[in-house]
Structure formats: C-alpha cells, structure tokens
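Right, one structure below, let's go through it.
For ligands, and for the atoms within them, numbers begin at 1 and follow the listed sequence.
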Amino acid sequence: MLSPEDNELLTSIGPGTPMGNLLRRFWLPGLLVAELPAPDCAPVRLRLLGEDLVAFCDSNGEIGILDAYCPHRRAHLYYGRNEECGLRCVYHGWKFNVAGQCIDMPSEPPETDFKQKIKLKSYSTVVRGNVIWVYMGPTDVMPEPPDFEWSFLPSNQRTSIKRLQQCNWAQAVEGGVDASHVSFLHSQISGEARLNFGRKMLNVMTDDRHPIFHTEETDYGILIGARRNIGEDNFYWRFTQCLLPFYNMIPPGLLEGDTDTRTAPYAGHAWVPIDDENTWTWSFSASPSEAFNDELMDLQGGKNGMWGPVDDDYKPLYNQSNDFGLDRENQRSITYTGIQGIPNQDAAVQESMGPIVDRSKEHLGTSDTAVIAWRKRLLKMVKQLEKGIEPSEAANHDSYNVRSVSMISTRDADWRKEIKKLMVGLAPEQRPPEKL
Ligand SMILES: [Fe+2]
C-alpha cells in the first residue's frame with residue numbers, strides 16, 4: 001500500500017507537479033506517423049501530461065508540436081490552415097512555424113514588429129520506429145531518445161499501435177509489470193495452448209500459478225524474473241523488462257522443444273499519460289531476425305488486431321460502456337474472464353479500480369514484488385528530482401537496447417549469466433538503416 005501523499009505523488013502528472021516534472025525528463029511516444037501522413041495534412045489534437053497541444057506536419061515535412069491555443073484570442077489551432085510552412089489560426093490569420101514562432105500577423109499593420117515578440121510553446125520531436133516522439137522537458141537536460149531495438153528495425157520487422165485507456169497511467173503500468181496476473185486474467189479455462197506470434201507456446205503458465213519473483217535494478221529500470229517449476233530438474237523463467245518511466249517488454253512464449261527465445265519476436269508497451277485520468281496505451285512488437293508476414297503485421301499493428309479493435313480515434317470498441325464485451329457463458333467454459341482480447345482484459349480490471357486507484361486500501365502479497373519495486377524506484381526518482389538530482393535513466397538511453405526473454409534452465413544454473421547472454425538487442429553497427 002501507499003500513503004495518500006505518495007499515491008498523489010505517483011499519479012499527478014500535470015504541469016508543475018513533481019511526477020509531471022519527472023516524466024518531462026523523458027521522451028514520450030506522442031503520435032503514430034500515420035496520424036500526420038504527409039506535408040500540409042490536417043493538424044491533430046494532442047493532449048499529453050495534462051497539456052492541450054496541436055501537432056502538424058509542415059510543407060517541408062517538419063513536425064511541429066505546439067500549445068493548442070492561439071496566443072492572440074486563444075482559439076484552438078486544430079481548426080487552423082496548414083499551409084506554406086506554417087499553421088495559421090482561422091480566427092484572425094496569425095501563422096506559426098514548427099518552432100512556434102509567429103511568422104505572419106495579417107490582422108495587424110505591416111510596419112509593426114509585434115509578430116516577432118509572439119512565440120508559442122513548442123516541443124522537440126524525433127521520428128523513430130513509426131512513432132513521433134516528443135520531449136516536453138527543459139531543453140538544457142534533454143537526453144537522446146531511448147535506444148529501443150524495435151525502433152531501429154525495418155518497417156516489416158516491427159509494429160506500433162495505440163489505444164485509449166480511461167484510467168491513470170500508474171495503474172496501467174502496474175498491470176504491465178505484474179507478471180503473475182497472466183496465469184489468471186489472460187488464461188483459458190479450456191487449457192488450450194496459447195499462440196504467440198502465431199506459434200504454439202509451451203503450456204507452463206497455468207501449471208504453476210505462483211511463480212517465485214526476482215527483481216534486479218538496472219540502468220534503465222527493473223528486470224523482473226518469474227520462476228516456475230518444470231519437473232524435478234528445471235526452472236521455466238520469464239523475464240519481463242520494466243523500462244522507466246512507463247515501458248514494459250513482455251517475454252515471448254517458449255515454443256515446444258526450445259529452451260530459450262533468443263531471436264523470437266517480442267512485444268512491449270508504453271503507458272503515456274494524457275492527463276491524470278486518461279492514458280495512451282502503446283503496443284510495440286519486434287521481430288529482430290526476420291520480417292513479419294502480412295497476417296502478423298495486421299495482428300500486431302492493425303486497428304483490428306490483437307491490441308484492438310479501436311475506432312478512428314484509437315478508442316477501444318470494447319470499453320466500460322459495454323462491460324468490455326463480457327460474456328458470462330464464455331467465462332464459464334472458455335476464458336477466465338469471459339472478455340475477448342488481452343488489452344480488453346487488462347483495461348477491464350485496471351479501469352474497474354476507478355480513474356485513480358486508492359493504494360492506501362490495497363493488500364499486497366509476495367507476487368506483487370515487481371509492482372512494489374516499480375513504485376519505490378519511481379518515488380525515489382521523483383524525490384531526488386525535487387532535490388535537483390536529474391534521473392540517470394533518461395541519460396542512459398543506450399541501456400534501453402534490451403529484449404525480454406523466456407528460458408528453461410537447470411535448477412543449479414546461474415540465471416543471471418544466462419539471461420545476460422540472451423537479453424541484448426542488436427548493437428548499433430548491426431542495425432539495418434533507420435526507416436520511417
Ligand atoms: Fe495483462
């Protein structure tokens with residue numbers, strides 16, 4: 001449990017809040033490239049960390065992320081005209097470039113220098129891995145974006161998709177680091193083997209439902225090992241990566257006959273706060289050794305794929321208004337929840353807690369080791385930043401080049417040594433050229 005004060009510290013992310021200040025030290029996944037598909041396309045409304053923004057792609061293909069409200073009379077620039085290298089407010093024609101500088105003020109006399117004095121708040125962007133990343137923090141401490149392997153892979157070896165989640169970001173992240181729920185929330189009553197990137201997985205997750213958890217502090221966050229028994233001699237290990245402040249990587253399922261997942265495709269998430277009560281849940285996947293086929297591209301990255309279905313605004317079709325599609329008959333005989341789809345199962349329980357869960361009322365057990373470790377680390381980072389100590393995790397961007405892994409090892413093997421060999425992503429010199 002957390003004190004009400006620490007709960008507030010963990011969950012409030014608006015401008016000027018301690019957690020808001022911390023999250024602004026990291027690059028955030030902001031938009032999919034497909035949301036700004038071409039120069040001079042329609043601008044997009046964007047809300048991140050409690051700030052209303054507008055995103056646009058100018059005539060040169062440069063991306064601007066600006067304060068949403070025109071500094072003249074505060075009209076929303078979403079209604080603006082995106083033309084000739086700038087976004088023009090339709091109220092009185094004031095025009096802004098991607099840096100936020102006012103470059104035209106046709107409603108004022110031409111001899112005035114008023115426009116030079118008008119600059120909108122603007123944020124830095126980087127395009128990587130089909131994602132437009134945004135940095136909303138102080139420019140003097142701006143780090144490089146995190147070095148995720150998936151973000152450098154060719155476009156047919158990775159996917160990215162997002163969906164709206166209607167709760168605070170922290171309870172969504174906690175779902176991502178809580179590896180023990182997988183044996184329940186996402187399990188099948190029918191005992192049928194689950195598929196992983198189209199391949200049949202070894203069914204050990206439901207045979208041993210109380211794994212032993214090990215957490216290790218790393219430069220990027222926390223390595224979470226869940227150890228299950230296989231027979232008398234072996235352990236089945238699943239290593240989930242928790243990458244600060246809000247990413248996870250889910251270990252691939254082990255296939256029948258394999259003892260580790262070495263080059264297998266893996267997936268992960270980011271939970272980016274829209275405001276205190278809404279979150280963008282991003283899902284990424286990566287196939288480091290070969291291209292996904294069309295079916296897997298759609299399954300992993302399509303709006304109707306496994307992280308969907310979502311509407312044109314990335315809102316899930318199964319949501320609180322329809323009980324996430326809960327089917328009691330299915331719950332009796334087929335799936336543990338009666339809800340179809342992993343993201344809908346996650347959203348149902350996480351949103352059911354209310355927009356901001358009261359952590360002073362919970363009762364945590366040994367299977368919550370990783371949740372406790374994540375909270376502790378975040379709260380420590382927040383409190384250090386309050387004292388002026390910048391988060392080293394943001395600066396250690398190259399440490400994010402890791403994979404999540406599953407493996408079988410003998411009970412006497414040194415698991416730390418084994419995992420270190422398997423979890424390293426492609427080194428920068430091994431990466432194919434960056435593509436959008
Ligand atoms: Fe889950």
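Within the 6.0 Å centre-distance limit, the rings of Tyr247 and Phe148 are counted as a close aromatic pair.
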Table please: side-chain donor-acceptor pairs of residues 302-313 below 3.5 Å, with sequence neighbours left out.
residue, atom, partner, partner atom, Å
Asp311, OD1, Asp313, N, 2.8
Asp311, OD1, Tyr314, N, 3.1
Asp311, OD1, Lys315, N, 3.0

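Trp415 and His214 have tilted rings, their planes meeting at an angle from 30° to 60° on a 0 to 90° scale.
Ion pairing between a basic and an acidic side chain is recognised when a charged N comes within 4.0 Å of a carboxylate O; Lys420 and Glu216 show no such pairing.
A side-chain donor-acceptor contact under 3.5 Å links Asn344 and Arg163. Gln320 and Gln166 are not linked by any side-chain donor-acceptor pair at a separation below 3.5 angstrom, with hydrogens and angles left out of the test.
Protein N/O/S atoms closer to the Fe ion (ligand 1) than 2.8 Å number 4 in this structure.
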